[in-house]
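First comes the structure, then the notes that go with it.
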Amino acid sequence: MEHLINQRVKNIEISGIRKFFNLVSHMDDLISFTIGQPDFPTPEHVKMAGIEAIKEDFTSYTHNAGTIELRKAACDFVEKKYNLHYKPESEVIVTMGASEAIDIAFRTILSEGAEVILPGPIYPGYEPIIRMMGAIPVHVDTSENHFRFTLELIKPFITDKTRCIVLPYPSNPTGVSLSEEELREMAAFFREKDIFILADEIYSELTFDQPHKSIASFIKEKTIVINGLSKSHSMTGWRIGFLFAPENITRHILKVHQYNVSCANSIAQKAAYEALTTGMDDAITMKKEYLARREYVYQRLISMGLTVVKPDGAFYFFIKIPDFIPLNSFDFALLLVKKSKVAVVPGSAFSDYGEGYFRLSFACSMETLKLGLDRIEQFLKDEKKLTLT
């Protein structure tokens, strides 16, 4: 019966991140720098809120958009943190993770032949949804601009078919953010355009050198903001995300959400309320540790002679494969696993513009980072020797 499967579904592939992880995860003594998941436990008080929800039989459907208490807490959170102003009754939807928020946003705003402009390299979760909608992803190479997706780079790709610009910052896989000045310039330009902005800000609480700034603070009327608790509160498995947008947009997205999942998990919503209120600043402790790791990893990579842009946020380094290793990114990552038992993600998983690079997640302990980087350093020394013989 496979011949009856939707051709657009048949044409997409499993994420390159997961594909490589699944390929090598069975190996013994493997150090994995692949999956982008916090290595901290969910805060204890958040876990207890989930347990109490079960004890209190809070296990029924909620409002499609989420409980009003959680929506209020979400709006209060982004107002205090990022100066964003949304009505809890009509301008926020609680979703099953940020991934569902992205899905329902695209399914609402895209139609056949519409074009979506994205930076390259980019997280692989956008393109398959765009293609399943019959829309066209248009990638912009940012590698020569320190991975900054600026207005100057975007302008040449805008056509009368452009429906949406994706701004995923801080970025996965590069960790790069945009400055307030760059966002202001972009907002001024798009104010007169009939183009949506999808701002994926899931790493907004994990910025290192400057506070996170959302483009929605300058151009709310055209912006759909995606956020959630997976990264900020180490709640990946709880699957709670948020979609913020003006009411004239969310009222249509809510219909798609309703027929997709009905509502987010009721127990997880109770835990999420605790995270956004009592745990409003829970990410600070984690961020301090990430910052220390970033500095350590950056110095180690530079000392190895590797080319890398220092990330502004998130917990990734996107590293150029040295010229003396004449392999594509997948073969490089496979060789690294075989010879050194260290797993990284091939850059090709993040669009064609990621080829020639690999992503290293530093969401793991200092001890693990040291051991893994020692192995990478020895691997590079060994490979360089081979080129000289």
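Quick note: numbers below take in every heavy atom, side chains included, and nothing from hydrogens, waters or symmetry partners. Since we're looking at a predicted model, the values are computed, not measured.
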Hey, is Arg293 close enough to Asp39 for a salt bridge, meaning N to O under 4.0 Å? yes

When you check the gap from the basic side-chain N to the acidic O, do Asp281 and Lys80 get nearer than 4.0 Å? no

Picking from Pro121, Ser171, Pro311, what satisfies side chain to side chain contact (heavy atoms under 4.5 Å, CB included) with Phe147? Pro121

What do the steps show when you test Asn11 against Gln7 for side-chain hydrogen bond (donor to acceptor under 3.5 Å, both in side chains), and what is the final call? CA-CA 6 Å; Asn11 287 342; Gln7 192 60 45; 3.0 Å; yes

Measure from NZ or CZ of Lys270 to the centre of the six-membered ring of Phe58 and say whether it is under 6.0 Å with the direction within 45° of the ring axis. yes

I need the Thr95 OG1 to Ile226 CD1 distance, nearest 0.5 Å. 7.0 Å

Indicate whether the side chain of Ser348 and that of Ser329 have a donor and an acceptor atom separated by less than 3.5 Å. yes

Please confirm whether the ring centroid of Tyr290 lies under 6.0 Å from the ring centroid of Phe40. yes

More than 12 heavy atoms from other groups under 6.0 Å of CD on Glu152: no

Have Ser214 and Ser217 got a donor and an acceptor in their side chains that come within less than 3.5 Å? no

Stepwise side-chain hydrogen bond (donor to acceptor under 3.5 Å, both in side chains) check, Asp200 with Tyr126: CA-CA 10 Å; Asp200 185 351; Tyr126 310 101; 2.5 Å; yes

Report, as yes or no, whether the 6.0 Å neighbourhood of atom NZ on Lys338 holds more than 12 heavy atoms from other residues, nucleotides or ligands. no

Grab the two heavy atoms, one from Lys161 and one from Gly113, that are nearest each other, plus how far apart they are. CD-O, 3.9 Å

So, are Asp312 and Arg294 salt-bridged, with charged N and O less than 4.0 Å apart? no

Non-hydrogen atoms of Ala275 and Met235 that approach each other most closely: CB-SD, 4.1 Å

Step-by-step side-chain contact (heavy atoms from CB on, under 4.5 Å) determination, Phe190 to Ile158: CA-CA 11 Å; Phe190 284 109; Ile158 296 174; 3.9 Å; yes

If hydrophobic clusters are built by linking Ile, Leu, Val, Met, Phe, Trp and Tyr wherever their side-chain heavy atoms come under 4.5 Å apart, do Met286 and Met366 end up in the same one? yes

Report yes if the distance between the aromatic ring centroids of Phe362 and Phe317 is under 6.0 Å, otherwise no. yes

For a ring-ring contact (aromatic ring centres under 6.0 Å, His included) check, start with the C-alpha distance between Phe33 and Tyr316, then their side-chain angles and the critical distance, and finish with the verdict. CA-CA 9 Å; Phe33 296 142; Tyr316 308 109; over 10 Å; no

Do Leu206 and Tyr82 share a hydrophobic cluster, counting only Ile, Leu, Val, Met, Phe, Trp and Tyr and linking them when any side-chain heavy atoms are less than 4.5 Å apart? no

Hydrophobic clustering (ILVMFWY, side-chain heavy atoms < 4.5 Å, transitive) - are Ile249 and Leu243 grouped together? yes

Gap separating the CG atom of Leu229 from the CZ atom of Arg239, nearest 0.5 angstrom: 10.5 Å

With a 4.0 Å cut-off, would you call Arg71 and Glu89 a salt bridge? no

For a side chain to side chain contact (heavy atoms under 4.5 Å, CB included) with Ile195, tell me which candidate from Ile165, Ile117, Ile109 qualifies. Ile165

Considering only NZ, NE, NH1 and NH2 on the basic side and carboxylate oxygens on the acidic side, decide whether Glu115 and Arg163 come within less than 4.0 Å. no

Counting N and O atoms only, with roles assigned by atom type, does the side chain of Gln269 sit under 3.5 Å from a partner on the main chain of Ala264, one being a donor and the other an acceptor? yes

Keeping the roles fixed (side chain from Thr250, backbone from Ile253), state whether a donor-acceptor pair exists under 3.5 Å. no

Run the numbers on Glu274 and His45 for side-chain hydrogen bond (donor to acceptor under 3.5 Å, both in side chains), then give the verdict. CA-CA 7 Å; Glu274 176 71 12; His45 68 101; 2.7 Å; yes

Check this for me, if you would: do Asp374 and Lys370 make a salt bridge, where the nitrogen-to-carboxylate-oxygen distance has to be below 4.0 angstrom? yes

Whether Lys310 engages the ring of Tyr298 as a cation-pi pair (distance to the six-membered ring centre under 6.0 angstrom, angle to the ring normal within 45°) should be assessed. yes

Only one of Gln258, His252, His257 forms a side chain to side chain donor-acceptor pair (under 3.5 Å) with Lys255, so which one is it? His252

Asp141 and Ser143: CA distance, side-chain angles, deciding distance, side-chain hydrogen bond (donor to acceptor under 3.5 Å, both in side chains) verdict: CA-CA 6 Å; Asp141 184 5; Ser143 61; 2.7 Å; yes

Hey, mind stepping through Ile325 and Leu380 against side-chain contact (heavy atoms from CB on, under 4.5 Å) and telling me if it holds? CA-CA 9 Å; Ile325 302 181; Leu380 295 174; 3.9 Å; yes

Same apolar cluster: Ile93 and Leu110, side chain cutoff 4.5 Å: yes

Any donor and acceptor pair, going by atom type alone, linking the side chain of His212 with main-chain N or O of Thr207 inside 3.5 Å? no

Can you check salt bridge (Lys or Arg N to Asp or Glu O under 4.0 Å) on Glu205 and Lys81, steps first, answer last? CA-CA 9 Å; Glu205 281 297 278; Lys81 295 281 186 172; 3.1 Å; yes

Does the ring of Tyr86 carry Lys220 above it, NZ/CZ under 6.0 angstrom from centre and within 45° of its axis? yes

Please report the closest heavy-atom contact between Val176 and Tyr169, naming both atoms and the distance. O-CD2, 2.9 Å

Return the orientation label for the Tyr353 and His139 ring planes: parallel under 30°, perpendicular over 60°, tilted otherwise. tilted

Which is it for Phe350 and Phe358 under the ring-ring contact (aromatic ring centres under 6.0 Å, His included) test, yes or no, and what are the steps along the way? CA-CA 9 Å; Phe350 305 98; Phe358 64 94; over 10 Å; no

Sub-3.5 Å donor-acceptor pair from the side chain of Lys341 to the main-chain atoms of Ser32, do we have one? no

Closest non-hydrogen contact found for Ser351 with Gly120 is OG-CA, 3.9 Å

Would you indicate whether Asn248, at its atom CG, is surrounded by more than 12 heavy atoms from other residues, nucleotides or ligands within a distance under 6.0 Å? yes

Just by distance, do the side chain of Thr108 and the backbone of Ile104 share a donor-acceptor pair under 3.5 Å? yes

Could you check whether Arg8 pairs with Glu112 (Lys NZ or Arg NE/NH1/NH2 to Asp/Glu carboxylate O, under 4.0 Å)? yes

For Glu201 versus Asn227, what's the shortest heavy-atom pair and its separation? O-ND2, 3.1 Å

Check Ile267 against Gly50 and note the closest heavy-atom contact, atom names and distance. CG2-O, 3.4 Å

Would Phe149 and Glu182 count as a side-chain contact (heavy atoms from CB on, under 4.5 Å) here? Give the steps. CA-CA 9 Å; Phe149 190 45; Glu182 289 167 329; over 6 Å; no

Is a side-chain N or O of Thr42 found less than 3.5 angstrom from the main chain of Ser234, in a donor-acceptor match? yes

Step through the shown structure and confirm whether more than 12 heavy atoms of other residues, nucleotides or ligands are within 6.0 Å of CG on Asp194. no

Short side-chain to backbone donor-acceptor contact, Thr277 and Tyr273, under 3.5 Å: yes

Taking only Lys NZ, Arg NE, NH1 and NH2, and the carboxylate oxygens of Asp or Glu, determine whether Asp76 and Lys72 approach each other closer than 4.0 Å. no

